[in-house]
Number of protein chains: 2
Amino acid sequence: MPRRRQAVTIKHVAADAGVSLQSVSRVINQQPNVREELRDRVQASIDKLGYVPSIAAQRMSGSRSYLILAINDRERTIADWRARQGSDWVDQMLLGGMLKCAELGYRLIFELVDTHNDHVERELQAAIAALQPDGVILTPPHSDNPLITDLLRDQSIPFVQIGSRGEGGGIPIIMGDHGAARMATRYLIDLGHERIGFIAGSPEYRLSTWRTKGWHEEMASEGLPVEGLLAEGDFTLEAGRAAARELLSRTSRPTAILASSDQMAIGAIETVREQGLEVPRDLSVVSFDNTPITRSTRPTVTAVDQPIAETTSRAVELLVAAKRGEEIPEGPINIPVGFIVRESTAAPPPD
Amino acid sequence: MPRRRQAVTIKHVAADAGVSLQSVSRVINQQPNVREELRDRVQASIDKLGYVPSIAAQRMSGSRSYLILAINDRERTIADWRARQGSDWVDQMLLGGMLKCAELGYRLIFELVDTHNDHVERELQAAIAALQPDGVILTPPHSDNPLITDLLRDQSIPFVQIGSRGEGGGIPIIMGDHGAARMATRYLIDLGHERIGFIAGSPEYRLSTWRTKGWHEEMASEGLPVEGLLAEGDFTLEAGRAAARELLSRTSRPTAILASSDQMAIGAIETVREQGLEVPRDLSVVSFDNTPITRSTRPTVTAVDQPIAETTSRAVELLVAAKRGEEIPEGPINIPVGFIVRESTAAPPPD
DNA sequence: GTGAAAGCGCTAACAA
DNA sequence: TTGTTAGCGCTTTCAC
């Protein structure tokens with residue numbers, strides 16, 4: 001392989017425009033103190049030669065790499081990809097993140113990091129050392145991992161903590177989990193349900209607690225009981241089945257179930273069906289996530305929509321703003337969720 | 001923002017091990033002419049200090065960037081992401097590509113490029129100039145775009161053409177479209193079908209032609225007619241509906257339909273149903289792709305499985321091998337497809 | 001087998 | 001407002 005050099009460098013542009021390297025650099029970086037005439041001349045040369053700065057070189061000398069690193073949990077992500085069950089979390093992150101990055105002249109690099117590894121830090125550190133990103137986007141369950149947040153804070157790399165209230169020193173963004181759980185519970189209450197079961201997600205994810213709390217509060221606000229109506233799962237289909245079996249075995253069985261993931265909701269629906277009941281006639285089901293599968297099952301599933309694309313887009317914006325030294329709003333940023341009513345919910349059966 | 005420097009550089013390692021920068025570089029790059037004793041000593045320092053080379057610096061001086069660029073069609077990809085219909089093409093590419101890259105010490109960068117743009121070259125050129133990738137993975141419909149292949153060839157950047165027979169000068173990889181279409185057609189013939197309709201994909205994709213040819217040949221091999229049994233679509237659900245309407249309007253209506261995408265198959269199923277027919281009782285349907293949705297519709301869809309992850313994985317291997325100057329096999333590499341039988345196929349109805 | 005020197009493309013700091 | 005200088009971290013010569 002021949003050693004490949006940049007086809008058009010800043011030198012070519014400088015020569016073509018008859019100015020110094022510095023002036024070209026200033027134009028590229030939209031810095032002040034450049035006369036308009038000179039700026040135009042340089043820009044013309046850039047366009048003419050089709051010059052694009054090498055991010056490697058920019059990173060080498062300057063303080064920016066124009067790279068944003070988005071971190072996801074390796075095990076879980078690969079499992080989702082392999083399962084091919086239509087979880088589009090990654091796609092939605094790319095949708096929001098890549099487009100916003102492109103808009104701002106950045107590039108999104110997607111990385112997998114293993115939470116359940118003693119070497120989380122080493123792994124992350126390696127990615128950081130290799131890429132020198134200008135910012136990092138953390139997703140659950142990494143968002144609140146102190147090994148990770150400490151590392152980033154120590155190196156003063158701006159980072160966003162998605163699904164975190166922000167104890168780690170990063171910029172916290174949440175997708176209204178608490179409010180969403182209340183909203184979904186309220187929807188079921190308004191349909192006439194009184195015994196509403198809740199299948200929580202794994203406690204490793206903070207949002208699990210927030211959602212549980214939201215459900216709990218909304219129930220309490222109506223004076224409805226929650227005793228025996230809470231089960232826990234790990235977001236998987238199988239967990240949904242098990243949790244549903246548990247909830248249905250109670251003497252006073254729920255007429256509705258709110259599940260912390262689409263997969264758990266679908267597992268629950270299957271279990272309900274196995275017990276000779278019908279959704280939504282005998283029991284309503286609402287899920288969290290709103291992945292594509294909610295639209296193709298029978299019945300289709302009423303779901304809380306996680307605004308992942310918008311959240312990631314916002315995350316990129318915030319990181320770039322932080323890098324530029326702009327003001328970042330105080331406190332967790334809350335991206336409002338959606339609620340999509342489909343076929344899996346109805347009024348409870350008459351007693 | 002403070003100017004952030006590499007925490008541990010090659011200098012630190014060199015100092016720690018008491019050798020020259022050069023020797024450290026040689027160890028990192030596994031070059032010959034290093035005594036084992038020295039190699040071990042350097043490696044120990046690397047591990048101790050947690051040193052990871054900066055790819056920016058590597059790229060600056062050397063000939064490698066350790067970056068592989070995967071190019072997808074912008075418009076189509078974003079439309080898929082927005083539609084949230086569960087297409088997991090991107091995920092499968094990442095699954096195969098990222099894991100193989102990680103294994104080989106590379107990094108996969110995912111990029112979107114607009115085919116229907118006069119500036120394809122500019123866009124691609126910009127990505128190349130900015131990132132200086134060691135290799136590029138082209139996916140349809142980019143794979144055979146001469147604007148793109150010429151550009152890459154001129155710059156002697158190794159590239160893989162997925163879904164191409166390789167006229168562009170890159171490494172061609174195909175996912176057995178021709179054989180897969182024959183196989184699927186054969187499956188239907190063996191079930192007893194004689195009038196098998198085919199919904200082709202848009203001709204912009206070469207694989208559309210290959211599949212059509214495969215179907216045609218298999219039909220011919222049995223002496224079965226194809227007249228009035230071919231319709232064309234653009235892979236979308238709506239196109240599937242339209243194509244199915246067309247096929248069903250023919251005097252001698254098919255008893256089975258082979259569609260070039262899952263979405264078109266589902267569109268076809270909906271149309272079939274609207275006409276008062278039932279799948280698979282009155283008409284069988286087979287699709288190409290095997291995206292998650294095939295498993296959650298009613299009936300579930302029998303499908304040709306596109307081995308996207310494996311293909312991408314292989315693509316990365318080949319690019320790295322090419323970069324190393326290793327021998328690349330002649331002729332298109334064919335990754336075998338799978339065939340998943342589900343509920344949408346059965347014997348044809350009695351006359 | 002090992003080390004020293006030059007330079008990749010760009011920007012920060014300073015000088016003019 | 002503009003240009004000059006000195007590196008960034010690494011690899012490629014080319015000496016030894």
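The analysis underlying the following values was restricted to heavy atoms, covering all of them including side chains, and did not include hydrogens, waters or symmetry mates. Source: prediction; values computed, not measured. Below, chains carry the letters A, B, ... as their sequence lines are ordered, and counting in each starts from 1.
Comparing the axis of the opening five pairs of the helix from dG1(C)-dC16(D) to dA16(C)-dT1(D) with that of the closing five pairs yields an angle of 30°, rounded to 10°.
Residues forming a salt bridge (charged side-chain N to carboxylate O under 4.0 Å, His left out) with Glu123(A) (at least two apart in sequence, or on another chain): Arg74(A). Scored by the side chain to side chain donor-acceptor pair (under 3.5 Å) test, Glu167(A) finds Arg206(A) as partners (sequence neighbours excluded).
Near-neighbour residues of DNA chain D inside residues 17-29 of chain B, defined by a heavy atom below 4.0 Å, number-ordered: Gln22(B), Ser25(B), Asn29(B). Using a 4.0 Å cut-off on heavy atoms, the residues of residues 45-57 of chain A that approach DNA chain C are Tyr51(A), Pro53(A), Ser54(A), Ala57(A), listed by number.
Applying the salt bridge (Lys or Arg N to Asp or Glu O under 4.0 Å) test to residues at least two apart or on different chains, the pairs with a partner in residues 6-29 of chain B are Asp16(B)-Lys48(B).
If you measure from atom CE of Met60(A) to atom C1' of dG7(D), you get 9 Å, rounded to the nearest angstrom. What separates OH of Tyr66(A) from P of dC10(C) is a distance of 12 Å, to the nearest Å. Atom C1' of nucleotide dT12(D) and atom CG of Asn33(B) are separated by 14 Å, given to the nearest angstrom. Computed from coordinates, the Arg39(A) CZ to dT1(D) P distance equals 11 Å when rounded to whole Å. Distance, Ile10(B) CD1 to dC8(D) C1': 13 Å, rounded to whole Å. Remark: P of dG1(C) and CD of Gln30(B) are 17 Å apart, rounded to the nearest angstrom. Regarding Gln132(A), its CD atom lies at a distance of 8 Å from the P atom of dG9(D), rounded to whole Å. A straight line from CZ of Arg59(B) to C1' of dC10(D) spans 12 Å, rounded to a whole angstrom.
Residue-environment remark: CZ (Arg122(A)) stays at or below the threshold of 12 foreign heavy atoms within 6.0 Å. Under a cut-off of 6.0 angstrom, the local environment of CD in Glu36(B) is sparse, with at most 12 non-hydrogen atoms contributed by other residues, nucleotides or ligands. Remark: Gln30(B) CD is loosely packed, at most 12 non-hydrogen atoms of other residues, nucleotides or ligands lying under 6.0 Å away. Heavy-atom neighbours of Glu327(B) CD from other residues, nucleotides or ligands within 6.0 Å: at or below the threshold of 12.
Residue His142(A) is tested with Asp114(A), Ile137(A), Asp73(A) for a side chain to side chain contact (heavy atoms under 4.5 Å, CB included); the sole match is Asp73(A).
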Checklist entry - Can you check side chain to side chain contact (heavy atoms under 4.5 Å, CB included) on Arg107(B) and Cys101(B), steps first, answer last? => result CA-CA 5 Å; Arg107(B) 213 143 223 134; Cys101(B) 274; 5.7 Å; no
Checklist entry - Where do Ile68(B) and Val136(B) land on the side chain to side chain contact (heavy atoms under 4.5 Å, CB included) test, with the steps shown first? => result CA-CA 6 Å; Ile68(B) 303 270; Val136(B) 175; over 6 Å; no
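Among the nucleotides dT12(D), dC10(C), dC10(D), the one closest to any side-chain atom of Gln58(A) is dC10(C).
The shortest distance between the side-chain N/O atoms of Gln31(A) and the OP1/OP2 oxygens of dT1(D) is not below 4.0 Å.
The pair Glu37(B)-Arg41(B) meets the salt-bridge criterion, with a side-chain N (NZ, NE, NH1 or NH2) lying under 4.0 Å from an Asp/Glu carboxylate O.
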